[in-house]
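Quick notes on the structure that follows.
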Amino acid sequence: METTNGKGPWALKLVSNGYVGKQLEKSQDSAIWSCRNEVTGERYLAFFNFQEKEQQISCNLREVEQFVGEKREVESALELWSQVEVKPAGDVLTDCVPAHGARLFLLGGKEQDVPALLRFMGNG
């Protein structure tokens with residue numbers, strides 16, 4: 001099974017390598033998903049914009065069920081496609097998502113190694 005980009009079946013690798021994803025909310029306008037790697041502890045958050053125009057999407061990180069009880073504060077969020085770092089305002093991560101676009105964030109501290117997700121996708 002190949003992906004359309006020719007990088008192999010990385011989606012299958014995600015399912016079999018400790019990644020657990022969960023939809024947090026969904027409306028006609030947007031959706032938010034969280035993901036935690038049970039093996040490495042990496043935490044991800046994804047924003048999806050279903051609108052015809054760009055919109056700001058926000059998530060209170062304290063309310064993400066998968067992350068409750070973790071001692072680590074989210075100091076930064078690295079948007080993986082653009083490699084732009086976004087700083088949460090307190091416990092809230094907000095970003096402007098283009099029309100019919102998505103943002104995928106690796107949540108964590110300041111400096112991070114190439115995340116396992118990118119290695120699985122063949123980008124690391």
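Both backbone and side-chain heavy atoms feed into the values below; hydrogens, waters and symmetry mates do not. Each residue takes its place number in the sequence, starting with 1.
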Scanning both residues in full, the closest heavy-atom pair of Asp95 with Phe105 reads OD2-CZ, 3.5 Å
Taken to the nearest 0.5 Å, the spacing of Gln56 CD from Cys96 SG works out to 5.5 Å
Discussion item. Just so I know, are the side chains of Thr94 and Ile57 near enough to count as touching, which here means a heavy-atom distance under 4.5 Å?
Written reply: no
Rounded to the nearest 0.5 Å, the CG atom of Leu45 sits from the CG atom of Leu61 at a distance of 6.5 Å
Looking at Asn49 and Val97, would you say the former's side chain and the latter's main chain have a donor-acceptor pair under 3.5 Å? yes
Check against side-chain contact (heavy atoms from CB on, under 4.5 Å), Arg103 and Trp81:
CA-CA 8 Å; Arg103 295 281 193 247; Trp81 292 308; 5.5 Å; no
**Asked** Just by modelled atom types, is the Leu104 backbone N or O under 3.5 Å from a matching donor or acceptor in the Glu79 side chain?
**Response** yes
- Quick check: does any side chain N or O of Gln55 sit under 3.5 Å from a backbone N or O of Asp29, one acting as donor and the other as acceptor? yes
Distance col, row Glu25:CD vs Phe47:CZ, nearest 0.5 angstrom, shows 9.0 Å
Here the pair of heavy atoms bringing Asn37 nearest to Val39 is OD1-N, 2.7 Å
| query | Where the side chain of Glu63 meets the backbone of Asn60, is there a donor-acceptor pair that is under 3.5 Å apart? | reply | no
- request: Kindly determine whether Leu106 and Glu42 satisfy side-chain contact (heavy atoms from CB on, under 4.5 Å), including the steps that lead there.
  value: CA-CA 7 Å; Leu106 170 64; Glu42 292 171 339; 4.2 Å; yes
On a heavy-atom basis, the closest approach of Glu75 and Pro88 is O-CD, 3.6 Å
Value for SG (Cys35) from CD (Gln23), rounded to nearest 0.5 Å, stands at 13.5 Å
d(Arg36 CZ, Tyr44 OH) to nearest 0.5 Å is 11.5 Å
Criterion side-chain hydrogen bond (donor to acceptor under 3.5 Å, both in side chains) on His100 and Gln51, from CA distance to verdict:
CA-CA 6 Å; His100 298 289; Gln51 290 189 5; over 6 Å; no
TODO: Classify the side-chain pair Glu85/Ser76 by whether it contains a donor and acceptor separated by less than 3.5 Å.
DONE: yes
| message | Between Cys59 and Leu24, is the side-chain contact (heavy atoms from CB on, under 4.5 Å) condition met? List the steps. | response | CA-CA 9 Å; Cys59 179; Leu24 302 176; 4.1 Å; yes
dist Ser34:OG -> Leu107:CG (nearest 0.5 Å) comes out at 9.5 Å
